[in-house]
Amino acid sequence: MREILVLAEHRKGVLRDITWEMLSLGKELAEKMEAQLTTVLPGYEVKSLADELSTQADLVLLVEDERLQNFSSMAYQQVLSTLITTRKPIITLIGHTACGIDLAPGLAAALGMPLATDCLSLTLTEKELTAVRQIYGGKVNAEVACSCEKGCIATIRAGVVSPWGEETRKGKVEVIQSPSLEGISRQRFIEYVEAAIGGVDITQADIIVAIGRGIQDKENIPLAEELAKALGGTLACSRPIVDKKWLPKAHQVGTSGKTVRPKAYIALGISGAFQHIVGMKDSGVIIAVNKDPRAPIFEVADYGIVCDLFDFMPVLKEKAKELLQRR
Amino acid sequence: MIPAVLVIGGGIAGMQAALDVGNAGFKAYIVEKEPSIGGHMIQLDDVFPTLDCSACILTPKMTEVGSHSNIELLTYSEVISATGHVGDFKVRIKKKPRYVDEERCTGCGICQQKCPWKVDSEFDMGLGKRKAIYTLFPQAVPNIPVIDPEHCAYFLKGTCRACERFCEAGAIDFQQREREIEIEAGAIIVATGYDIFDARLKPEYGYGKYNSVITALELERLSCASGPTEGKIQLNGKEPQGVVFIQCVGSRDKTVGNEYCSRVCCMYTAKLAYLVKEKVPGVKVTVCYIDIRAFGKGYEQFIERVQKEGVIYRRGNVSEVYRRGNRVVVRAEDTLLGEPYEEEADMVVLATGLVPRGDARELANLLNISRGSDGFLLESHPKLGEIESGVEGIFLAGCCQGPKDITDCVIQASGAAGMACGLLARDRHYSL
Amino acid sequence: MKTTITSITKKQTLAQEYDLLGCMQCGKCTAACPVAMRSHLNIRKLMQEALTHESLNPIPMKELWDCTCCSTCTIYCPRELKPNELIINLRGILVEEGHVPTTIRDALESVFKQGNPWGGAKNKRAEWATDLHLKDATRDKEIEVVYFVGCTPSYDPRVQEVARALVKSFNKAGVNFGILGNEERCCGNEVRRMGEEGLFEILIEDNTNVFQKLDVKTMVTTSPHCYNTFKNEYPETHFEIQHYTQYVANLIATGKLTFCGEVDKVVTYHDPCFLGKQNKVFDAPRSIIDSIPGVKFIEFDRSRERSLCCEGGGGRMWVDASDSGERLAEVRVRDAVEMGVQIILTACPFCLLNLEDATKTIGYEDKIQVMDIMELVSQVI
Amino acid sequence: MDIIVCVKKVPDTREAELIITKDGKDIEKGELVCDINEWDRYAVEEAIRLKEELGGSVTAVAVTPDEDEDLLRKCLAMGADRAIMVKDESFRGSDAHVIATALHHIIKDLPFDLVFTGVQAEDDGYAQVGGILAGFLKVPHATLVTQIEVLERKVQVHRELEEALMEVVELDMPAVCTIQTGINEPRYVSIMGIRKAAKKEMKTLNTSDLGLTEEELGDSASKVKIKGLSLPPSGKGAEILKGSTGEIATKVASILKSKGVLA
C-alpha cells in the first residue's frame, strides 16, 4: 500500500500543534494519491498519544524505547530511516520546527533523498513533489520541485495548514520494535530550560504594540512604549530587537518567543518573518504599520498602513489619549 | 650728555624711577598720559601680602613726586617722537588740552561740584560716576582737573559753562589747544605699565553679558573705601552670598595669544578673596585655580592665611559661566577629585591677566626698541639684562617689560634709575 | 571571556601624536565637556592616563562613546591641544579591535554597504526628490551649485522636509543647482568621529572622485557636519563649500530671495556645534532669521560660542549615552519654553531631530515647535 | 580547539524592492548590496570567541559560484586564521545537498573539533546544510544553537525550541553546530582590519582540487530545483488604510474601539 508518512511531534507528553497540521495536509495528499496516512510516534510511554493520533491517521506506528523519551535527532533519524527504508512512503512529512530542523537534513542525507524544507504548501504527483516556499525573508515566493519516485521528505512550516480538529479516521496502533539505536550516545539530551522571563507576561495582554527592526534605534523604544501605555496595552517585539538586547526575551513574540492572541495586535516596523507571524497570527485584529508596501506582515494583517511609523505613532498616541479622556 | 632723565609713565615704577633720579641730583621728567600720576596701583584697595592700604602707601610718594624740585611732571601728555642717542635724546611731547589753566587752578574742586554732567568713571571701572570736569581721584597729583570734551555740554552744544562761572581763580580755558614741547634727556626710562586683559575675549565667562561677572580690578574699586560703594562689596546694592574667583583669565592661554603667566593674579585673588570674606558675613568664597604661584617673600604664608580664613580653593580651570534664575552658574572640574561640578554664585570675579599696553607697538617703534613675542617690551637679556632695552640709554621698568608685582616694579625702577644715573654721572665725572 | 588586545596604544605614540606632554591638567576640557556631568568620560584624566600609564586599553571604556565630538574641549584648551582627537583615536582602537556598540557597528556597516548610516538602500537615496525633478549634477554641466543633500535629509522622513524647503527656496531664487542623486555618498564626518578612519579614507576618495568630475564653483550642504568635513578635512576640494545658511543669507542679502508673508512667532536659534563653535558661522543663520518678516527673535542665554550641544554629533545619533540623566536637548527645550519661545530654529539635521525628540520626551509638543530655519523660510516665500 | 565555519554571501534585500529575472528563477542582484549571511556572522563570531578563550584555530570556508574573496577577508578580519574558498560556476543554483557535499569534501581532510554553520541563509532559508554536512561527516550535531560551553572532549549547547523554551544537549566532539542569531554580538570589522587581514592565508580551490565530479555538482546534481519565483501581491490580506496620518489614526482608533479594546 502506498503511504504518506507523518512524524508526530510531541514534547513533555503533549502532541504539538504541528502534528495535527501535518496530518491535515497528509490526509489531503493521501486522498489524492490514494495512499494510506501513517504517522510515526517515537517516544516512551506514549500509548495515550498514539490513541489520540489514531483519530486522524490510518495507522499509527508506535516506537517505544526509553532512549526515545525526549527528542534526539540521532535516535529519531535511526527510527525513521529504518521505517522509510522498509515501508518506502511516497513522502515523509516533518514539521519545520526546532525538532524538524534538527532531524530532516541528516535523515535526507542518510537516505539520499531530496528534502524540501519550510514548505507552505505541497502538490504531489506520481513523479514529482512541488512545494511553495518563501525566500528572501518572505519577500519572494518560490516554487520548488523534486522527484518523489524514490521517496522524498518535506518539512512543513508551522501554522500554515489548518488542522481538522475532529475525528476523521479510526486508525489502528501498531507497536514497532525500536531499531538498535547505535551510536546515539554521542548526542545526549540533558534538560529543558525556560528562558528567563521578566516582569511582563505578554500572553495576558488585550492590546499588544509590537516593534521590529523599523524602530531603528534603542532610543526610539520609549516612543512605542508611550503609545502602548496610551492604548492601555503591552509592548512586545520581534526577534531582532531581542537579538540586539534592546528588550528582554520576555517581550519576544514568535516561534522562539511567545505565542500571543490579544484582542488587538499593532505591528510597528515589523516586516513579518514567519517566525514572528506564527506567534501572533491568531490575534483578534492585526494592524500593521510598515514603510514597505510589500512587507509580508501585510499578508496576515487585517489592516495595513504604509507610512513611516515615527509619523504615525505620536498621532495615534494623541488619538488614544483623546478617546480615553472622553471616556 | 644731557643731565636729565625722561621717565615715560607715572605709575609706581615711573614714580620710583623719577624719585631715585631726582634724589641722585639729576633732573627727571615724568610724561604721564592720564591727568594724574598714580597708575594702576592707586586703583587698588589693599596690597598683598601685607594688606597695607595701597593709597596710604602710595599717596606720600605721589606727593613727593609732585613737589620734588628735580622732578618735572608732564601729565595728560604723550611722547610723539624721539630722536638722538644715548646722552642726547630729543623727545617731542604732546600736551593734551586740560581746558584748565594749570598755573591758575588752585585745586579747590568747586568746578567738579558744580558741573551738572555725570559720566561713568574710568578710574572706578565704570562702577561709579565722575563729572565732565574731573580729577581722576581726590588725591590726584597734580590736583588739577581736566574737562572731558566728549561729555562736556559746552563742547557738545556750546552752552553750560557752569565750571567757568564758579571758578574763582578763572582757570577754566575753553580755548586751550593741544601743544607740543621738546625735551632733551641723556637717558630714557620706559615705565608705561600694562593693560588689563579684555575679558570679553573669553565669551564663555559671560563678562559684559552678566552684571554679576566682574573683573578683579572692578572688585578692587568696590572694596576700596574711596570707591563707588565706599568699600562695601555689593552689586546692585546687594551683598553676594556666593563669590567665585576664576583665575588665569587671559593668562596661560594660547587661544587668546597669551601663553605667559601674569604673575600677580594668584596673589591678588587671594587678597581679594580674603577681603570679601572679611567684609561679607557668611559669604562662600571659592577660588578656581590651575596652580597657585606664591613665590615672593611672605606670599605662601599669605595663601595659607587666606585658606584658613575659609576661602575654598578648588583646583581646576573654569569652563563657563551661565545664567540660572537670578544667579550664575560656574562650571568647572575639581581636578583633584576628578569631578566636574557646577557652583551657583552671585558674583564671579575674573582674575584677568596683564597684557601689553595697546600702544606698546607704537612706543617701541618710536623709541626703536624691541618687543618680545608676548608683546611686552623686550629686555636685552632675559636673565642678565632685564633693565636694559637693547638701545643704549633706554631702560625698562615695571610691567611694560612683563607682568610683575609692585615689589618687583619698584626694584626694577630703582635699578633703571641707578643705571640711568650711572650713565649720566659718567659724563659728569669727565667734566669735573 | 578573555580578550586578546593586539593594538593597545603605547604611551609614547599617543604622547607624540597628541602633544600630551603639553597638557597642564587644568581641567577646562572636562569642565567644558557637555556630557561630563553625567558620564564617566573625563577627558582631562584620559589625557593624563594616556601620558603616564605604560599602555592604555580603551576596551573597557564604554564612556568613550558618550563623546559628541562637539569639540568644546579642543576649542577651549588653553594649550591648544586636541583632546577630542585623542578620543577619536581611542575609538579608532576600539573599531579596529571590533569592540564597538552594535548600533555603531550597524551604522558603519551601512555606510560601507549603502553609503549612508541609516540602513537605507543605496539606490533609494534620491527617492525623496522624485517628484521635484531636480537636475542631475553628475550629468548636467551647466549647473552652478551642487546641493549636497546628506544622508539624514535623504533618508529621514522628518529631515526630508528640510531638504524640500531648501529646494523650494533655491527654485524661488532661481538658483541653477543640481543634486548628485544616487551617486551621493556619506561625507564621512561622523564616520571619522566614530573612529573608522579607514572607511573615512575610502569615502574621501570616492567622493573626491565624484566631485572632480563636476565643474562647479559652489557646493552647498544641508548639514553642518558635511560642511565641516568637506571644508576642513577633505584634502582636495577645488570648489567653495558653503553651509546652506551662508548661501541663503546671501540670496536674501542680494535680493534674490524675497518674502511674501509674515511669521507672527517668537523664535530662538540653537547654534549647531559643527556650524557655530567649530566653524564660527554665527551670523549667517541669524541674518536669515532677522530677515523673515514678523518674526520676534530672542537669543538663548547660552548662544553662539557658548551654545549647548544637542548630543547628536560624534556618532551619538547611533549610540546611547552610557548614563541616564536629563539630556541636553531637553535642557535646551525647557530653557526655550521658559523664555516664551514658540519655535526653536536650528540649522542641523541632528539638532533638529534631537530637539524635536526632546519636546516629546518632556511632553512639551504642544508648547513649542522645533524647525529648521529653511522650513520657516519656505512658509513665507 | 579547531573550528571550521562555513559562510555564505547573500544579498541584502531588507530595504530593497526585488525584481524577478526574466527566466523567473532568480532575482535581479545587480543593484543589491551583498554581505555575509546574518546567521553565519554569528557563527564566525562564536568560533572566534571560543578560539580566543581556548586557543586553537578558526578556518572559514565558503563554497560559491562568485568571487567572494571579500566575504572571507571579512572573516579573517574578524579573527579567523585561514580561509578556504571553493569557487565554481557550477555551484550556481545548487541546493543544500550539493553545497553540503562540497563542504564535506573540503572538511573531511581537515582536523577539526567543531564545524559551525548558520542555522539558515537569508536568501533561500533552507536550514539544511549543517544537518546534511553532519550526516556526511558522521558526527553528532545540534541546530538552532544559542549557547555553547566546551567541556572535556564534548560540548554542552542550548538549542532554541518554541515558546521561549531551551533544550540543553551534550555532543561528543567532533560535532557540527548550526548557530542561531543572538548567541553573541558579532564584532565590527574595520577597513583597517580587512587590510591587515590581507596577510592571512587564503586558499582558493576549484572543484577538481576537491575531486568532485560533475554529477555531484550544480543544477543537475541538485535534488531540489527552483521552478519559478513570484512576488506576493503587496498588501494581500490587509486592507490598506489611506489618508492623512490623522485620518488613519482616527480609523485605527475606531477599529480598536469596535474590537472592544479601547474606550
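Sequence lines set the chain letters: A, B, ... in the order given, protein chains first and strands last, and positions in each chain run from 1. As the structure is a prediction and not an experimental result, all values here were calculated from the model.
- With a threshold of 4.5 angstrom between heavy atoms, D:Ile132 approaches chain A through its backbone and through its side chain.
- Heavy atoms closer than 4.5 Å to chain A are found in both the backbone and the side chain of D:Leu165.
- The greatest number of non-hydrogen atom pairs below 4.5 Å with chain A, out of D:Ala127, D:Ala142, D:Ala175, D:Gly135, is found for D:Ala127.
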Could you pull out all donor-acceptor pairs under 3.5 Å where a side-chain atom in residues 97-119 of chain A meets a protein atom, sequence neighbours excluded?
residue  : atom : partner  : partner atom : Å
A:Thr97  : OG1  : A:Glu9   : OE1          : 2.7
A:Thr97  : OG1  : A:Glu9   : OE2          : 3.2
A:Thr97  : OG1  : A:Cys99  : N            : 3.3
A:Thr97  : OG1  : A:Gly100 : N            : 3.1
A:Asp102 : OD1  : D:Thr143 : N            : 2.7
A:Asp102 : OD1  : D:Thr143 : OG1          : 2.4
A:Asp102 : OD2  : A:Ser73  : OG           : 3.3
A:Thr117 : OG1  : D:Tyr126 : O            : 2.7
A:Thr117 : OG1  : D:Gln128 : NE2          : 2.9
A:Asp118 : OD1  : A:Arg157 : NE           : 3.1
A:Asp118 : OD2  : A:Arg157 : NH2          : 3.2

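- Heavy-atom pairs under 4.5 Å with chain D peak, among A:Gln77, A:Met74, A:Arg213, A:Gln134, at A:Arg213.
- A salt bridge between A:Lys258 and D:Glu162 is absent, with no side-chain N of the basic residue lying under 4.0 Å from a carboxylate O of the acidic one.
- Remark: A:Ser81 engages no residue in a side chain to side chain donor-acceptor pair (under 3.5 Å) (not counting sequence neighbours).
- Using a distance-only test at 3.5 Å, with no hydrogens or angles considered, no donor-acceptor pair links the side chain of A:Arg186 to the main chain of D:Glu170.
- The shortest side-chain heavy-atom distance between A:Phe189 and D:Val168 does not fall under the 4.5 Å cut-off.
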Requested in this report: Check the pair A:Leu316 / D:Ile248 against side-chain contact (heavy atoms from CB on, under 4.5 Å), numbers first and verdict last.
Outcome: CA-CA 8 Å; A:Leu316 182 59; D:Ile248 294 174; over 6 Å; no
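- Two residues are said to be in side-chain contact when any heavy atoms from C-beta on lie closer than 4.5 Å; D:Glu185 and A:Asp243 fail this criterion.
- Inspection of non-hydrogen atoms places A:Lys263, A:Ala264, A:Ile266 of residues 262-272 of chain A under 4.5 Å from chain D.
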Query - Audit row: D:Leu256, A:Leu231, side-chain contact (heavy atoms from CB on, under 4.5 Å) steps and yes/no - result: CA-CA 9 Å; D:Leu256 295 175; A:Leu231 291 167; 3.8 Å; yes
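- Between chain A and the options D:Ile20, D:Ile27, D:Leu144, D:Leu18, heavy-atom pairs under 4.5 Å are most frequent for D:Ile27.
- Heavy-atom minimum distance, A:Tyr303 versus D:Ala238: C-CB, 4.0 Å.
- For the residue pair A:Phe71 and D:Glu167, the shortest heavy atom distance occurs at O-OE2, 4.0 Å.
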Query - Intermediate values then yes/no, side-chain contact (heavy atoms from CB on, under 4.5 Å), A:Glu143 and D:Lys225 - result: CA-CA 9 Å; A:Glu143 208 175 36; D:Lys225 295 185 176 103; over 6 Å; no
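- With a threshold of 4.5 angstrom between heavy atoms, D:Ile255 approaches chain A through side-chain atoms but not through N, CA, C or O.
- Chain D forms the most heavy-atom pairs under 4.5 Å with one residue out of A:Val144, A:Thr155, A:Asp311, and that residue is A:Val144.
- Listed options D:Gln180, D:His97, D:Arg159, D:Lys154 were ranked by heavy-atom pairs under 4.5 angstrom with chain A; first place goes to D:Arg159.
- What you find for D:Leu171 and A:Arg188 is that their closest heavy atoms are C-NH2, 4.5 Å.
- If you measure heavy-atom distances from A:Lys12 to chain D, the contacts under 4.5 Å come from the side chain alone.
- Contacts of D:Leu133 with chain A are absent, with no heavy-atom separation under 4.5 Å from either backbone or side chain.
- The candidate from D:Ile226, D:Thr178, D:Val169, D:Val10 with the greatest count of non-hydrogen atom pairs under 4.5 Å with chain A is D:Val169.
- When heavy atoms are compared at a cutoff of 4.5 Å, D:Lys138 approaches chain A solely by way of its backbone atoms N, CA, C and O.
- Top candidate by heavy-atom pairs under 4.5 Å with chain A, chosen from D:Ala100, D:Gly246, D:Ser230, D:Gly228, is D:Ser230.
- Under the 3.5 Å distance criterion, the side-chain polar atoms of A:Lys139 are matched with a main-chain donor or acceptor of D:Thr13.
- Summarising the local packing, NZ of A:Lys245 is surrounded by more than 12 heavy atoms from other residues, nucleotides or ligands at distances under 6.0 Å.
- The contact between D:Asp26 and chain A is made entirely by side chain atoms (from C-beta outward), counting heavy-atom distances below 4.5 Å.
- Contact count against chain A (heavy-atom pairs under 4.5 Å) is highest for D:Glu160 among D:Gln156, D:Glu160, D:His158.
- For the set A:Ser72, A:Ala142, A:Gly279, the count of heavy-atom pairs under 4.5 angstrom toward chain D peaks at A:Ala142.
- Sequence neighbours left out, the pairs with a member in residues 245-255 of chain D that pass side-chain hydrogen bond (donor to acceptor under 3.5 Å, both in side chains) are A:Lys319-D:Thr250.
- Note on A:Glu128 versus D:Lys227: salt bridge recorded, some NZ/NE/NH1/NH2 to OD/OE distance being below 4.0 Å.
- With rounding to the nearest 0.5 angstrom, the CG atom of D:Leu32 is 8.0 Å from the OH atom of A:Tyr136.
- Of the residues considered (A:Gln252, A:Glu191, A:Lys244), A:Glu191 shows the highest number of contacts with chain D, using heavy-atom pairs under 4.5 Å.
- Of the possible donor and acceptor atoms, one in the side chain of A:Arg133 sits under 3.5 Å from a partner among the backbone N and O of D:Asp124.
- With respect to chain D, the highest number of heavy-atom pairs below 4.5 Å among A:Val132, A:Val140, A:Ile190, A:Ile135 belongs to A:Ile190.
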